[in-house]
Trainee: 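There's a structure below that I have some questions on.
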Amino acid sequence: GGDTREVSRTFTVVDHPRLDGLDNMYSIVGGKLTTCRQMAEAVVDRLAERMGVTEPCRTATEVMPGADHGPHKVAEPLARIERDHAYGELICECELVTRGQVRDAVASGLTELEDLRRKVRLGYGPCQAAFCAWRAAGMLADARREGSGEPRSGAPVDHPGNGSGATADGGPDVVAGLERFLEERWRGQRSTIWGDQARQALLNHAIYRGIFALHGEGGPDEAAAPSARAGGD
Amino acid sequence: MRADVVVVGAGPAGLATAIRLAEAGRQVLVLARGNGFTHWGAGSVDVLGRVGGEPVDQPLGATDRLPEGHPYHLVGQAAVRDGVDWFASFAAAAGLPHTGDLERNRAQLTAFGTLRTTCLLPEPAAGPEGFLKGRVAVVNFTGFRDFSPALCATRLRRDGIDATPASAPLPAWDHDRYFTGVELARAIDDAGFRRRLAPGLARAAAGAEAVVVPAVLGLNRGHEPWADLQSLVGAPLVEAATAPPSIPGLRLFAAYRARLESLGVRWQFGFPAVGVERDGDRVTAVRSEGASRVMATRCQELVLATGGVAGNGIEANRDGTLTERVAGLPVDGFEDRLAYLGGRFLGDHPLAAAGVRADAELRPVDASGEPVAANIHCVGGLLAAHDPTAEGSREGVALATAARVAALLAATPAR
């Protein structure tokens, strides 16, 4: 166990044909996940040479399944931020989720915080959505309003009388979606909370219930059910 | 190091207690790990919003319905009134006048478009009487990322309020690319900036009877920036409570700090208290983490204002037991940790009400009700038998218990 950062990244392709007289076997030893593609390239180069394969090697340019952003270059994140500052602004400091990522996810059609959570990992970090959830909820509300064609500038739209209960653009209530999101996060973590996480949970409660006066779906509050003592924790 | 009274904790309870003790002639040292809930809250004074889950109209009268052992019962209604009245005078003298009184709760607008219950509101948050019955413009400052007028207005409209979202451009100003509410509030402290801001804000308001904005109207000049901007715009401006950091809370903190300094209160920030030394039934010193070593500060009296579990004054252990961090005071634990928290996040949580049991003099007591020390007092969220969030009583309990301790310890001549 312990810190794996000190494990060496160097690796070796063991040439058994040359070293051990085993004509059809290679071993690859050492390395870390960061070098796995280079290791694969090194081994396959040996095999290709042996087998007379002359196809050009595409390892450096081939995009792996699921790598939506294409090959990754070291300076690319900085270049992306310089092109679009939204990628430099953090919505979720715990999981390093940027405004640009959330905006792209919303633009791709996601309308619920739960979907954002699955896509960009909103709310998974130590603060358990204390700050990112309401920021993302604001972005969802702004996106809905922009989608509805209301002017963004200072001139207000002439709305009839009192609110009808639906939102201005007829879409679902973002705050209600936020309440559902918070409850969904809670179900997964509630039984594992003590120490610092208990403190964070109560602070989050003080924000969403205490400052923002969110109560969720009415109904009587369930008291914490006393449980039978499990055998040794 | 020596002190007369050491106050541990610099949240709403610790700050009020330290000031009132100093005003009563004691020499006070404040030890604090960090900032308290003042930096987080809605910037108002909650006294009692709900009892038994039901909303309360008259906060002071409703204290009768609280269960035995509640801090308000320990100190009595007179202390609640004393604490809140003291605060109202203090805040007004510091350029932060509040509206409200103990006879009637009030509604405070939040950035989510919800209305939270409170007792005293800083004037920028109050709005004119009945303003929610008219047409309301909900206006953000373009580029300020932490307020969504669409979110706020949508919720207000759902609750039958005629609210319209809009944006007001900010005049050119020197700021980092991603500016926070604190930086914007500081910019609004400048009168020239406000003069350039006002016309765009007035256009965004476009004749609404009241204009709701995020609570960023000034940081270091009390309520003057709000008042000035309101007069330039020509319509009432109402500050909506935002997520932390609380700009109104920071205004109050600055006022508390200035008062403490003027009273000669010593202050050690970033120096958590980690233990005490005792001689018999008296605490003789408080141990705190210094820059390179643990320091012992000798003291006559110790006041703990460290908050409950949320304030980091009490640790919730894995096995369901609770530990008071500074003096190891007795705290009732739970059967196991599954009893800490309720089934719904937005419901109630028993852990939030956990704390140190105390007597009528706010001395911590053991299971048989006997004080465990002669010279320790507990104030604020550290005390048992109340959930400041669920019942909406955080600042009221802080002020009432500060009033009680200040009265008790002022009566004792400093040795």
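Bear in mind that the values here come from a model prediction, so they are computed numbers and not experimental data. Computed over heavy atoms, backbone and side chain alike; hydrogens, waters and symmetry mates excluded.
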Trainee: Contact part of B:Asn312 toward chain A, heavy-atom cut-off under 4.5 Å: side chain, backbone, both or neither?
Mentor: both
Trainee: For A:Glu179, is it the side chain, the backbone, both, or neither that has a heavy atom closer than 4.5 Å to a heavy atom of chain B?
Mentor: both
Trainee: Does some side-chain heavy atom of B:Thr180 sit less than 4.5 Å from a side-chain heavy atom of B:Asp146?
Mentor: no
Trainee: Heavy-atom distances under 4.5 Å only: say whether B:Ala208 touches chain A with side chain, backbone, both or neither.
Mentor: neither
Trainee: Could you check if a side-chain atom of B:Leu351 sits within less than 4.5 angstrom of a side-chain atom of B:Phe334, using non-hydrogen atoms only?
Mentor: yes
Trainee: Counting heavy-atom pairs under 4.5 Å to chain B, which of A:Asn204, A:Leu90, A:Thr192 comes out on top?
Mentor: A:Asn204
Trainee: If you count heavy-atom pairs under 4.5 Å between each of B:Ser148, B:Gly53, B:Gly49 and chain A, which one has the most?
Mentor: B:Ser148
Trainee: Measure across B:Asp46 and B:Glu395 and return the closest heavy-atom pair with its distance rounded to 0.1 Å.
Mentor: N-OE1, 3.0 Å
Trainee: Is it the side chain or the backbone of B:Ala137 that comes within 4.5 Å of chain A heavy atoms, both, or neither?
Mentor: neither
Trainee: Is A:Arg103 salt-bridged to A:Glu89, going by a charged N under 4.0 Å from an acidic O?
Mentor: no
Trainee: Given heavy-atom pairs under 4.5 angstrom as the criterion, report whether the side chain, backbone, both or neither of A:Leu178 touches chain B.
Mentor: side chain
Trainee: Quick check on the interface: out of B:Pro244, B:Gly41, B:Pro169, who has the most heavy-atom pairs with chain A under 4.5 Å?
Mentor: B:Pro244
Trainee: Tell me, side chain or backbone of B:Leu115 under 4.5 Å from chain A's heavy atoms, or both, or neither?
Mentor: backbone
Trainee: Is the closest basic N to carboxylate O distance between B:Asp387 and A:Arg209 below 4.0 Å?
Mentor: no
Trainee: Which bit of B:Ser44 comes within less than 4.5 Å of chain A, counting heavy atoms only: side chain, backbone, both or neither?
Mentor: neither
Trainee: If every non-hydrogen atom of A:Ala137 is compared with every non-hydrogen atom of A:Val174, which pair is closest and at what distance?
Mentor: O-CG1, 3.3 Å
Trainee: Is it the case that the side chains of A:Thr98 and A:Gln101 hold a donor-acceptor pair, with the cut-off being a distance below 3.5 Å and no angle test?
Mentor: yes
Trainee: Where is the tightest heavy-atom contact between B:Leu237 and B:Val233, given as atom of each residue plus distance?
Mentor: CD2-CG1, 4.4 Å
Trainee: For A:Arg187, is it the side chain, the backbone, both, or neither that has a heavy atom closer than 4.5 Å to a heavy atom of chain B?
Mentor: neither
Trainee: Tell me, side chain or backbone of B:Arg145 under 4.5 Å from chain A's heavy atoms, or both, or neither?
Mentor: both
Trainee: Heavy-atom pairs under 4.5 Å with chain A are the metric here; pick the option from B:Ala42, B:Gly308, B:Ala310 that has the most.
Mentor: B:Ala310
Trainee: Strictly below 4.0 Å, N to O, side chains only: are A:Glu184 and A:Arg117 in salt-bridge contact?
Mentor: no
Trainee: Do B:Phe147 and B:Val216 touch side chain to side chain, with heavy atoms closer than 4.5 Å?
Mentor: no
Trainee: Which bit of B:Phe112 comes within less than 4.5 Å of chain A, counting heavy atoms only: side chain, backbone, both or neither?
Mentor: both
Trainee: With a 4.5 angstrom heavy-atom cut-off, is it the side chain or the backbone of B:Ala240 that approaches chain A, or both, or neither?
Mentor: neither
Trainee: Measure A:Leu214 against the heavy atoms of chain B and call it side chain, backbone, both or neither at under 4.5 Å.
Mentor: both
